[in-house]
Amino acid sequence: MLLIPCPWCGPRDEAEFGYGGQAHVPYPEDPTALTDEEWARYLFFRNNPKGPHPERWCHAAGCRRWFNAVRNTATNEILAVYRVGEPRPVIV
Amino acid sequence: MSPRTPGAQLPEHPDWLWRTPDPRRSYDVVIVGGGGHGLATAHYLARNHGITDVAVLERGWLAGGNMARNTTIIRSNYLWDESAGIYEHALRLWEGLEEELDYPLLFSQRGVLNLAHSLQDVRDSVRRVEANRLNAVDAQWLDPRQVKEVCPIVNISPDARYPVMGATYQPRAGIAKHDHVAWGLARSADAAGIDLIQNCEVTGIDVTGGRVTGVRTSLGPIAAGKVALCAAGHSSVLAAMAGFELPLQSHPLQALVSELLEPVHPTVVMSNAVHVYVSQAHKGELVMGAGVDAYTAYTQRGAFHVIERQMAAALELFPVFARAHVLRTWGGIVDVTPDASPITGLAPVDQLYLNCGWGTGGFKATPGVGWVYAHTIAHDDPHPLARPFCLDRFTTGALVDEHGAAAVAH
Amino acid sequence: MTPQPFRLPDGGRISRGAPLAFRFDGVAYQGYRGDTLASALLAAGVHQTSTSVRLGRPRGIFTAGVEEPNAIVQIEAPFPEPMLPATTVELYDGLVAGGLPGQGRLATEPDPARYDARYAHCDVLVVGAGPAGLAAAAAAARTGARVILADDQPEPGGSLLGTAEIPDWAAETGSELDAASEARVLRRTMVFGYYDDNYLLAAERRTNHLGSQAPSRLSRERIWHIRARQVVLATGAHERSVAFAGNDRPGVMLAAAARTYVNRYAVAPGRRAVVFTTGDSAYCAALDLAAAGVDVAAVVDARPEPGGAAERAARAGIEVLAGHAVTGTSGEPRVASVAVRALCAAELTGPAREFAADLLLVSGGWNPVAHLFSQAGGQLRYDAGLGAFVPDGCRQAVRVAGAARGVFDLPGCLADGAEAGRRAAEDAGFTAARPLPPTSAAGSAERSAPSAHLWVVPGPDGFGTHFVDLQRDVTVADLARATGAGLRSVEHLKRYTTAGTAHDQGKTSGVLTSGVIAQLLGVEVAELGTTTFRPPYTPVSFAALAGRNRGVLHDPVRVTALHDWHLAHGARFENVGQWHRPWYYPRDGEDMAAAVARECRAAREGVAFMDASTLGKIDVQGPDAGDFLDRLYTNMISTLRVGMIRYGVMCRADGMVFDDGTVIRLAEDRFLLTTTTGNAAAVLDWMEEWLQTEWPDLRAHCTSVTEQWATVALVGPRSREVLAGLAPQLAVDACSFPFMAWRETAVAGIPARVCRISFSGELAYEINVLPWYATALWEALYEAGRPLGITPYGTETMHVLRAEKGYPIVGQDTDGTVTPQDLGMGWVVSKKKRDFIGKRSHLRADTGRADRKQLVALLPQDDVLLPEGAQLVAGDRLADPPVPMLGHITSSYRSVALGRTFALALVRSGRERVGERLYVPVGEELIPVTVTGPVLYDPEGARRDG
């Protein structure tokens, strides 16, 4: 049960959150301009690193806000959280 | 004083298993990953194709990843033709594998029940049964009374929160002892001259002119004519080394066992709706699992609330389990694709081969994968059963959507 | 009643005034409150509790705690419970138990007990109330920090409970913590799991020790979920054995356990003892046993120069054999004599000596209990000096104190614990306000000698009875066979032999196994490492983990405001998601088919009504709401006029149908959309995700109002009459109130929003009211419609009616692989919009194939009712498998309106096959069917306006 620091509500149990996968994958400006390969990439390919991973979470049973977190997938340590629209923090 | 317990006497392992060789400088084929799939591939490379200049590189101990952590359910009652094809091929190999490997695998065809708890579950179940029958996969639809006959401890009360409305039943399905399977395959590969190299982590994949030439490892560089990836949850990390990406997400998957109990559970019961699957292994322990943890992780451990929910689900189905005890829980890392079907075949790099994305279903496919993947590697061309599971399907949209079709996982 | 011949005349922490009767393996015994089942059996002279799992060898009580490998029992009464160590079962009156050789037995009756969960937060969680833990908890609590001290035993003290004189401060500290407002002492509470972010799980045994006296109002066990800022693990250490011939015989016991039986339980575990040790601690046992009147024949010390403890023993008249080892035992089944020889550089020398003894105490060293630390992600390091694995760094906020990190002397433990507690509190933001009071325990001036590291005593005849894992019957010979098979990894050796996999999970055997393997392979123990510790530390019952989430509480049941009416009128219910929805309303003697036929007839010929409140409802507001919905739905929403309604479909980005429903435009900047019952939450999540993460610039907001509205569908050619009678202000004619329009009016005096929507093809209305008026509305409709034969109907009739019209149900006629075009609903996919979610995927090669599966209707020959889920094939004879399948039946009904059976199906190139004959394998038969377009009833749509 991770303790996830919601940037709006503070630290809360993982069970209150929904997971949204990799962050910073914008919906393409004009999908019809993409090749099938590029569209497939948007649809199905997400980073799967072993290490720091910027990802989306939704505080579904709390403020219902989406936000971003950088979590180390090898340790589950949450290195940073930031609101949608804010740049990804530099993790040293 | 009670007599000695049934199942206490597991068949002995043989007096000799495998060598612990140092890696050579070069091999025709390097298999990355010494789990069930890697070992099965090595076995069939030797057995079916006479290819023995092979090394299996394992970063930890042989078969210590998902092979050591899964709940050992074997079945082939998948919905889609493509899935039924490869899993049924695997099941038929399972049926001869003890003899083939001359190893006691404790392969027990005790049947698998997939429970239905809603009218839509019933429709989906009948659909799968009918498809299975036309694909020559043994399958039956059972009503609740028949479910009770197969597994008397299942709670079929209509008052249950999600009553059992019936089940699909595959009598040829069952379980096996995972270590025995892995070791049987490893012994066979080793005896054929294949080097099984443990504590050897691949740290890089060498690609020259779009073609793989070898791997770098914690034990030094190893040249290879062909490199076959077989690394489950770590496939993304390896693909990145070769310069491409895979549509995979690695999730923790937890499982648990109880203490040893007198036989109460004669089959395997799976329920998607209440999220649990249960069998009783040979020694008497209840072996249980549930769904994956929601987020990606390489931690080999999950969150406890997942276990608690699983226990609640288990007691809904099996009230007699109330005072059984959880003895041990653990986690594996499963690599899940967007359509819940595997990727096996050619990679975007020449002479590099892919086998990943088996998610929660890898164990049951073990001999089938070995057979098919060895063919793919030997011929540099996907085996016909592997063809639908190409990486390209994510571009065309021709998915093999076992998620969408509401077929059961695991 | 058997007497207690081995009960000491005085002492112990038992209540001699509270005798308890119990039965074990069919024999009646007596013990006292404060006993464990194991101590009570020992008091009766019973050592052997069972035979071993693989070899059938007699086995006896070996320890006094959770690490017990041998004395595993089955509780029979008051309620069956499998596989409990007798050493952990607190004795109660009426206990009936028996020994187990390896497999427990489950009750066949449901467990009557209740189980519960607690959630707690604290600044400092201290695990273990031994000297280090008590000191830590006290130090932390004195800073004002919120402290939880959890311990498995009924009273604090830990290892001190097994000593002859327990310092007063142990109880005093417990009382001090009990009295402190910010501290909580959890007794009989085993912390068994250590998860990410300092989340720990503990199982509290609340009534087990009361047997049938347990008050039913109390939950039997409860699981504590504790989130701690800081954790101090003071989990102590387990003594381990040495592998020598016959080291498994009943009467062989760990030294500290014997000491505990003497001091805590006032039980002499034997009359004449030999003590075999590799270190100092066993001398305390020897002296305490001697003081209690046990004849200690000899202390056999593997160390050539044992030090001060040995001198003390010698002064007490005990023979000490330095540089010796026990080479074997004999006796059937219990130890009767012990063989000893001199040991020099791992070789036995000199003549053998035999000691007559019924008790052999063994101490092969101590293993710090590092399980929780390891679970937390902590690293372990092999300490060659201690001959044990010790904690060595962890990412989480945890400290280890006392014996758990290899500090074994009492003053050291107290100082270590106090320091850990103080620093934990400081790291949690508290200040140690006053200096710690000096601890009363005095240091020992005695010269202590380092322990020897002895894993295996050679011979005499091979290693077949040199047990390392007593419960799995694993011997040194078994390990040697495994290494001989080529295995090198501890994990492989463990699996080959099954060592460490039993009920005790290798608590006493794990390090010994590693030591023996290292010796066999000629490597250092440190090189081998240890196997991973996994939760739980001790077994936890399924029921405790399930807690109250069983039965109706397993998953919340959602019901509508009209549920009581449905119940009162005999509805049968269907689970739809979490909802209980009326499925059909059988009248006397009706089966489902008859009830559904009657309900359908009413809807098609007269008037009928259903509770549609479970449909998901989402209120979308804001200036950009129309734009937002245009992006989500495949069709155009923003052009919808206020007062009107449009049907819409949503796809996932992969182009597959995700949900459908109606969209009502309430105002320029306000829409109300409905979703399918099961998908309501998912659709809201989906909308919020896009809004917040992709289009935060859009001024639109979504709110779930599913439960804020009750919805009644009023259906049938005579529905207008019923509505007109109840809504006098509403112009109900088709011109004034056209299809797909909505009006606000009063229905039966209740403010209502009435929509002209039909999911049946009939003239129909959906009447929405606030839920607390739902019953009033429903009753009014029932009353008003009664002269017309108004009939309540359920989901089954709804399904028949919609299927007759070819309306698909998402999730039944679709399966996540179906596009709107596949459903024949190209008309709902906008060609004008630049984009919507899913549009790009519709252009992919596979979604453009002409031979995709498409929704059609099927007319079976001979009025057969086809099974839903059945497959379709081409020929009238089945080919050899695999038989090519053309599709499957998604819906199948008997239609009153059509006077026949029919089905909907997804069929490959379905629309091209209209008129074709296909076949459905049902059992051994092939049922011919004719493919037809999906709309079978009123294809012209003539009935819509009544």
Side-chain angles (χ1 to χ4, degrees), chain A residues 1-5 7-8 10-44 46 54-61 63-68 71-79 83-86, chain C residues 119 121 193-201 223 225-229 376-378 394-397 535 631-632 651-656 681-682 684-697 701-704 831 833-848:
Chain A
M1 181 74 79
L2 304 182
L3 189 65
I4 300 175
W8 303 92
R12 298 296 172 91
D13 279 352
E14 167 195 336
E16 294 182 18
F17 295 84
Y19 183 65
Q22 185 187 347
H24 311 300
V25 184
Y27 185 70
E29 188 57 39
D30 180 8
T32 53
L34 301 186
T35 63
D36 280 358
E37 286 73 20
E38 288 165 337
W39 179 245
R41 185 145 218 88
Y42 167 73
L43 277 185
F44 296 125
R46 294 293 181 271
E55 60 193 16
R56 306 181 311 157
W57 288 86
C58 176
H59 193 187
C63 63
R64 290 195 69 79
R65 298 261 204 173
W66 283 85
F67 61 93
N68 295 324
R71 182 178 55 96
N72 185 339
T73 62
T75 63
N76 279 341
E77 190 174 8
I78 292 177
L79 306 168
R83 297 175 182 184
V84 170
E86 292 177 356
Chain C
Y119 295 81
H121 291 76
Y194 196 147
Y195 286 80
D196 285 323
D197 294 328
N198 269 1
Y199 194 74
L200 291 92
L201 281 304
I223 302 295
H225 306 69
I226 303 169
R227 180 81 73 180
R229 281 210 167 85
C394 181
R395 193 178 58 75
Q396 303 213 44
R631 302 185 193 195
L632 292 178
C651 289
R652 293 272 189 192
D654 65 3
M656 304 304 154
L684 181 67
D685 289 348
W686 177 245
M687 295 175 73
E688 289 186 331
E689 178 181 341
W690 284 97
L691 200 50
Q692 291 184 38
T693 66
E694 290 295 339
W695 307 314
D697 50 320
H701 297 274
C702 308
T703 308
S704 167
K831 310 283 185 298
K833 286 198 287 187
R834 192 175 73 90
D835 194 22
F836 57 82
I837 302 299
K839 181 181 171 84
R840 175 63 184 81
S841 289
H842 294 158
L843 306 174
R844 289 183 302 168
D846 195 69
T847 32

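To find a chain, count down the sequence lines: A is the first, B the second, and so on, and within it residues start at 1.
Looking at L43(A), the atoms closer than 4.5 Å to chain C (heavy atoms on both sides) all sit in the side chain, from C-beta outward. Heavy atoms of F44(A) lying under 4.5 Å from chain C belong exclusively to its side chain. F836(C) touches chain A through its backbone: at least one of N, CA, C or O sits under 4.5 Å from a heavy atom, while the side chain does not.
Taking both residues in full, the closest heavy atoms of V84(A) and T693(C) are given as CG1-CA, 4.2 Å, listed atom of the first, atom of the second, then distance. Of all heavy-atom pairs between Q692(C) and W66(A), the closest is OE1-N, 2.5 Å. In terms of heavy-atom proximity, N76(A) sits nearest to D196(C) at ND2-OD2, 2.8 Å.
Contact count against chain C (heavy-atom pairs under 4.5 Å) is highest for R64(A) among R64(A), E77(A), R65(A). Between chain A and the residues R227(C), Q396(C), R834(C), the most heavy-atom pairs under 4.5 angstrom are made by R227(C).
Of the inter-residue distances, the one linking Y195(C) atom OH with E14(A) atom CD reads 11.5 Å to the nearest 0.5 angstrom. The structure places CG of L843(C) at 8.0 Å from CG of D36(A), a figure rounded to the nearest 0.5 Å. L3(A) contributes atom CG, which lies 9.5 Å from atom CG of N198(C) (distance to the nearest 0.5 angstrom). One distance of note links NE2 of H121(C) with CG of D13(A); it measures 6.0 Å at 0.5 Å rounding.
In this structure a side-chain-to-backbone donor-acceptor pair under 3.5 Å is missing from E688(C) to A60(A). In this structure a side-chain-to-backbone donor-acceptor pair under 3.5 Å is missing from R840(C) to W39(A).
The side-chain heavy atoms of D685(C) and C58(A), taken from C-beta on, include no pair separated by under 4.5 Å. The shortest side-chain heavy-atom distance between N72(A) and R395(C) does not fall under the 4.5 Å cut-off.
Residues of residues 19-34 of chain A placed with any heavy atom under 4.5 Å of a heavy atom in chain C are listed by number as V25(A), P26(A), Y27(A), E29(A), D30(A), P31(A), T32(A), L34(A).
With sequence neighbours excluded, no residue forms a side chain to side chain donor-acceptor pair (under 3.5 Å) with R844(C).
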